[in-house]
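Heavy atoms only: backbone and side chains are in, while hydrogens, waters and symmetry mates are out. To find a chain, count down the sequence lines: A is the first, B the second, and so on, and within it residues start at 1.
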Amino acid sequence: MSLFLTLKVALRALIRNKVRSILTMLGIIIGIAAVIAVVAVGQGATVMIQEQISSMGDNILMIFPGSASSGGLHFGAGTRSTLTPQDAEAIMNECLYVKAVSPMVRAGGQVIYQDKNWSTSVNGVSPSYLEVRNWELKEGAFFTDSEVKAASKVCVIGATVAKELFDTESPVEKTIRIRNMPFKIIGVLVKKGSAAFGQDQDDTIIAPWSSVSRFLQRGSFNSVNQLLVSATSIKTIELAKTDITSILRQRHKLSEGTDDDFSIIDTAEITKAITATATTMTMLLAIIASISLLVGGIGIMNIMLVSVTERTREIGLRMAVGARSKDILLQFLVEAMVLAGIGGVFGIIIGGSTAEIVARYNDWPVLVSAQSTVIAFLFSAAVGIFFGFFPAWRASRLNPIEALRYE
Amino acid sequence: MLITLNKITKTYQVGEIEIPALRGVSLSIDRGEFVAIMGASGSGKTTLMNIIGVLDQPTAGQYLLEDKEITGLSRNALAQIRNKKIGFVFQSFNLLPRTSALENVELPLFYNSGINGDSLSGRQKKQKALEMLKRLGLSDRAYHHPSQLSGGQQQRVAIARALINQPPIILADEPTGNLDTKSSQEIMAVFDQFNKEGITIILITHESDIAKYARRLIHIRDGQLL
Ligand SMILES: Nc1ncnc2c1ncn2[C@@H]1O[C@H](COP(=O)(O)OP(=O)(O)OP(=O)(O)O)[C@@H](O)[C@H]1O
Ligand SMILES: [Mg+2]
């Protein structure tokens, strides 16, 4: 019997038992939808996290004072930070794999402009900060080395701060008060969006590190909270790390055998760790979701066995008029595949839209790719073949006389 | 010789007990014959017919169809023989329910492909089935389902189905068993006509009224020919 005809016969048999067919399909629909949704949401979330981390700059190394030898950061002798702006300069000059370095001094506080106030973080950095962070100005200019040297009270503000304090007005050339210190705004950064874990990268004020250190922080003038380094590329991160370690150990006069008094973390490492965790989670959820697909498959097998039994006489008759075993096998196999296939299509639609809704709600990229759709469809057809084979095989092995006599 | 049976035996095994249904049946049937097989209930008529129609295999003995050995052929080969050489007509019609008369008649055509290269297009198959229904006076019933047809009409649909592949042999197991006298006579007239066209007809019946349509009578008792 031709395949087209077999398909027609299968469809008609399924339509004849509409409710039964739909209920059986439901098992597959739920299974496929669950798998598709879980995988798409998982992948979407992973990509989102990766994007957020790489928006910080994907080849960034962060150097913190204190050693990380016993897990977590703990400070070495005294509470004094061991990193200095001179360390930053040394790294820039001596390490081949470094594109830009900026020290970082953190402060925070109330910012006031006229009758408006806003609480934000203030980061003291050097002019190379924009290059390190791969960031640009929307308007105005960034401060220069001489302004750092002079500890000028100038600053550049992020998009969120600009919006909160100035709304549509241009902030450039205006003076704001940070912790009651007047700072002149000389530039506004372009919007960068939220980083990993949802913190708003645009809710910040950037100023020369010397000014932040002197006017906004009570720490000693010549120490910084952090060094921010960007490697020449992702590939050179490891090399840069090794170089920086030896440069800093030398500068800090650490003898062999002692712990580093600083620790280096790179964003690629964080991305890798988070991606690995997210992938594992997605896999786990997908496995759980596949169990419902398995249950759907068993449902198909069950209903096909019933169908074969019900149609025993029909099978006998078909054999009497010349159907071969493979004709009967194919007839029931195609029926099971059509059940699973149609279920698969609806499952893909439902799972895809669920993923889409979740993604839209969370502002994630949607990741129901054509590839995963095709795989899901083939998978559901495979479920049909796998669970449909046994009933179909039983049908094809029937003895024609016994089948014809079946009541 | 069209059909040659040589010392055919068939023994059914039910648990420990052996039931001999056929005990050494030898029989030759020539092309174009019209044979009626008569016998009491349980004498082995259906068993004999199933073996002739290669639906079943004998326990022992030799069966030659068109002078070719049948025993030992594969399931597939037997299916092809049923498709091309044999047309079955059953007492209980055995039409596919909820399927039109036309499609019931077409059914053997769907399984007739390959070997003889007899591959008709869908339209040709339908045309052929319609012609066959017309010959049996059922043109206006082509799209009716079995449940919408009388017993006699259903049996005529079954005969159309048996004849659609132009087999040399028609095997009918009590074809009039479920029909009234008038319908029975109509059915027998149909068989008579096709026999005149050269088709070999082998018919099982209890009734001598029916048996007298045949030109040769075979009696069977306890699995043996008399
Ligand atoms: N599948 C089977 N298993 C066991 N015994 C069987 C089987 N089929 C038939 N028999 C036995 O074989 C014998 C012949 O049966 P068969 O059906 O050929 O009789 P029959 O002549 O066609 O009878 P009827 O006129 O009632 O149809 C009977 O004794 C029957 O009980
Ligand atoms: Mg019988």
Practice problem: For residues A/L317 and B/R161, determine if any side-chain heavy atom of one lies less than 4.5 Å from a side-chain heavy atom of the other. | Solution: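 The answer is yes; the side chains approach within 4.5 Å.
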Quiz prompt | Side-chain heavy-atom pair B/I201, B/L171 within 4.5 angstrom cut-off | solution =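 With C-beta onward as the side chain, the pair stays apart.
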Self-check item: Segment of A/T6 engaging chain B (4.5 angstrom heavy-atom cut-off)
Solution: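 Answer is neither: A/T6 stays 4.5 Å or more from chain B.
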Quiz prompt | Region of A/R12 that comes under 4.5 Å of a non-hydrogen atom in chain B | solution =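 Looking at A/R12, just its side chain touches chain B.
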Quiz item: Below 4.0 angstrom, N of the basic side chain to O of the carboxylate: do B/D56 and B/K10 qualify?
Solution: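 Counted as a salt bridge, because a side-chain N and a carboxylate O are separated by less than 4.0 Å.
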Quiz item: Can we say B/R98 and B/E103 salt-bridge, meaning some charged N sits less than 4.0 Å from an Asp/Glu carboxylate O?
Solution: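 So B/R98 does not pair with B/E103 through a salt bridge.
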Please tell me whether [X] and [Y] have a donor and an acceptor in their side chains that are separated by less than 3.5 angstrom.
X	Y	value
A/S307	A/E310	no
B/N104	B/T99	no
B/Y111	A/R324	no

Self-check item: Side chain, backbone, both or neither of B/P97 within contact of chain A (heavy atoms, under 4.5 Å)
Solution: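 Just the backbone, heavy atoms under 4.5 Å.
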Quiz prompt | Side chain, backbone, both or neither of B/L96 within contact of chain A (heavy atoms, under 4.5 Å) | solution =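 Answer is side chain: those atoms of B/L96 sit under 4.5 Å from chain A.
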Quiz prompt | From CA spacing to verdict: ring pair (Phe, Tyr, Trp, His ring centres under 6.0 Å), B/F90, B/F88 | solution = CA-CA 6 Å; B/F90 303 94; B/F88 286 99; 5.8 Å; yes
Practice problem: Give the member of A/G316, A/S325, A/A323 that has the highest number of heavy-atom pairs under 4.5 Å with chain B. | Solution: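 The answer is A/A323.
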Quiz item: Using non-hydrogen atoms and a limit below 4.5 Å, what part of residues 63-79 of chain B faces chain A?
Solution: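 At a heavy-atom separation under 4.5 Å, chain A is reached by B/R75, B/N76, B/A79.
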